[in-house]
Amino acid sequence: MVVILKSNYDKEQLDRLTEWLADMNVEPHFTYGANQTIMGLVGDTSKIDIDMLHALDIVEDVKRIAEPFKKANRKFHPEDTVIEIAPGVKIGGGNLMVMAGPCSIESEEQLCGIAEAVKKSGANVLRGGAFKPRTSPYAFQGMREDGMKLLIKAKKKVGIPVVTEIMDYQHLPLFEDVDIIQVGARNMQNFELLKHLGRQDKPILLKRGLSNTLEELLMSAEYIMSEGNEKVILCERGIRTFETATRNTLDISAVPMLHSMTHLPVVIDPSHATGKSMAVPSMSLAGVVAGADGLIIEVHNNPAKALCDGAQSLTPEQFDDLSKRISEVKKFAYRK
Ligand code: PEP
Ligand code: MN
């Protein structure tokens with residue numbers, strides 16, 4: 001339920017209202033917009049008499065929220081959420097963030113070389129997996145703890161924030177110097193992991209599961225937000241369909257749909273969506289024009305020799321060319 005307060009509401013009356021709500025175990029969440037103050041009610045609101053709320057002097061309007069996601073709901077928070085990743089690096093509300101780097105961290109030389117190159121081309125964040133969720137237990141599983149050390153070394157040496165995937169909440173101490181913690185598609189509904197990430201305050205890049213609806217993605221965001229961490233970035237990375245020509249099918253319409261459903265920033269991952277480097281530049285530009293708040297793109301210095309996802313990785317030169325095109329199409333980005 002959402003209560004819109006009158007612009008000149010009386011503070012004492014508001015205190016009385018919040019006490020009355022607290023007695024019913026309903027917690028108010030305030031959003032102070034430019035023109036109105038919105039009070040989102042979290043908890044069992046079924047016993048609240050809407051007519052009674054409407055009749056209060058300080059209340060302009062009351063709306064029931066039919067959707068099961070509350071804190072992530074655009075009705076709760078009409079303005080876009082803007083998340084500051086590092087000083088001067090923001091995502092959301094018109095700030096486009098480009099994350100780029102290898103699928104997996106392979107060596108210091110590989111990671112730092114790619115980090116320097118993508119930063120020079122305009123990437124704001126370095127990606128690199130240390131813990132890799134692989135379909136086969138016999139495939140390279142990532143450099144794990146050693147990879148985390150290299151990632152932090154690259155962050156400090158090159159001066160760029162970093163994003164990397166977590167697979168187990170017991171690894172959280174290893175993520176202390178990480179700027180964005182990624183939850184991979186396979187863990188989108190690992191609810192214990194989501195709850196633990198909600199109890200710490202680093203931004204979370206939450207990827208859509210292979211066969212999950214947008215509502216399910218938002219319910220997973222809700223798991224993180226309901227524990228207190230509201231810094232959630234959503235990522236469309238392709239879904240399973242009958243099509244086999246691409247690794248997955250990029251659901252580009254997820255961008256306008258999510259923007260209408262939620263205030264959280266939305267990122268496109270054209271690399272995992274297509275699985276083919278030739279398709280990555282055009283899908284990246286499509287994402288930007290559709291209004292995405294960010295991109296996450298795999299870049300490798302030698303894709304043919306990559307230990308993971310070489311076929312979908314751009315070379316640093318291809319990424320540089322794409323970055324220039326991104327700057328050109330940014331002005332066409334569609335936002336309602
Ligand atoms: C990744 O980003 O390397 C990754 C494994 O992505 P996803 O979870 O989307 O498959
Ligand atoms: Mn990958």
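First listed ligand is number 1; within each ligand, the first listed atom is number 1.
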Next item on the list: Give the residue, atom name and distance (to 0.1 Å) of the protein heavy atom nearest atom 4 (C) of ligand 1.
Entry: His272 NE2, 3.5 Å

Note to self: Quick test: of every protein heavy atom, which one is nearest to atom 9 (O) of ligand 1, and how far off is it to 0.1 Å?
What the structure shows: Arg237 NE, 2.6 Å

Check: For ligand 1, is there an atom lying under 4.0 Å from some heavy atom of Gly129?
Finding: no

Notebook entry, point to check: Which residue, Ile38, Thr37, Asp10, forms the side-chain contact (heavy atoms from CB on, under 4.5 Å) with Leu5?
Noted result: Thr37

Item checked: Numbering as shown, the atoms of ligand 1 that approach Gly184 to under 4.0 Å (heavy-atom distance) -> 8 (O)

Note to self: For ligand 1, which is the ligand I care about here, please tell me if Glu165 has any N or O atom under 3.5 Å from one of the ligand's N or O atoms.
What the structure shows: no

Margin query: To check you understand the geometry: which heavy-atom pair defines the closest contact between Ala290 and Ile252, and what is its length?
Written below: CB-CG1, 4.1 Å

Next item on the list: Could you tell me which residues satisfy salt bridge (Lys or Arg N to Asp or Glu O under 4.0 Å) with Glu215, sequence neighbours excluded, listed by chain and number?
Entry: none

Notebook entry, point to check: What residues, two or more places apart in sequence or in another chain, satisfy salt bridge (Lys or Arg N to Asp or Glu O under 4.0 Å) together with Lys119?
Noted result: none

Next item on the list: Tell me, yes or no, whether the heavy-atom count around Arg325 atom CZ, taken from other residues, nucleotides or ligands under 6.0 Å, exceeds 12.
Entry: no

Item checked: Cationic N near anionic O, under 4.0 Å, Lys207 to Asp269 -> yes

Next item on the list: May I ask you to check whether over 12 heavy atoms, not counting those of Lys153, lie within 6.0 Å of atom NZ?
Entry: no

Checklist line | Those atoms of ligand 1 less than 4.0 Å from some heavy atom in Cys103 | finding: 3 (O)

Item checked: Closest approach of any protein heavy atom to atom 8 (O) of ligand 1, naming residue and atom -> Ala185 N, 2.7 Å

Notebook entry, point to check: In terms of side-chain geometry, is the basic nitrogen of Glu236 or Arg208 positioned less than 4.0 Å from the acidic oxygen of its partner?
Noted result: yes

Check: So what's near the Mn ion (ligand 2), protein N, O or S atoms under 2.8 Å?
Finding: Cys103 SG, His272 NE2, Glu298 OE2, Asp309 OD2

Check: Are the charged groups of Lys70 and Glu222 less than 4.0 angstrom apart, N to O?
Finding: no

Notebook entry, point to check: How does the hydrophobic cluster around Ile85 look, that is, which other residues are in it when side-chain heavy atoms under 4.5 Å mark a link?
Noted result: Ile83, Val89, Ile91, Met97, Met99, Val125, Val163, Ile180, Leu205, Ile233, Val267, Ile296

Notebook entry, point to check: Going by the order shown, which atoms of ligand 1 are within less than 4.0 Å of some heavy atom of Glu298?
Noted result: 3 (O)

Next item on the list: Before accepting this row, confirm whether a basic side-chain N of the pair Asp309/Lys132 lies closer than 4.0 Å to the acidic partner's carboxylate O.
Entry: no

Checklist line | ligand 1 to Lys207 polar contact by distance, N or O atoms, under 3.5 Å | finding: yes

Checklist line | Geometric N/O contact Arg127 with ligand 1, under 3.5 angstrom | finding: yes

Next item on the list: Run the contact test for Gln182 against ligand 1 with a 4.0 Å cut-off on heavy atoms, strictly below, and give the result.
Entry: yes

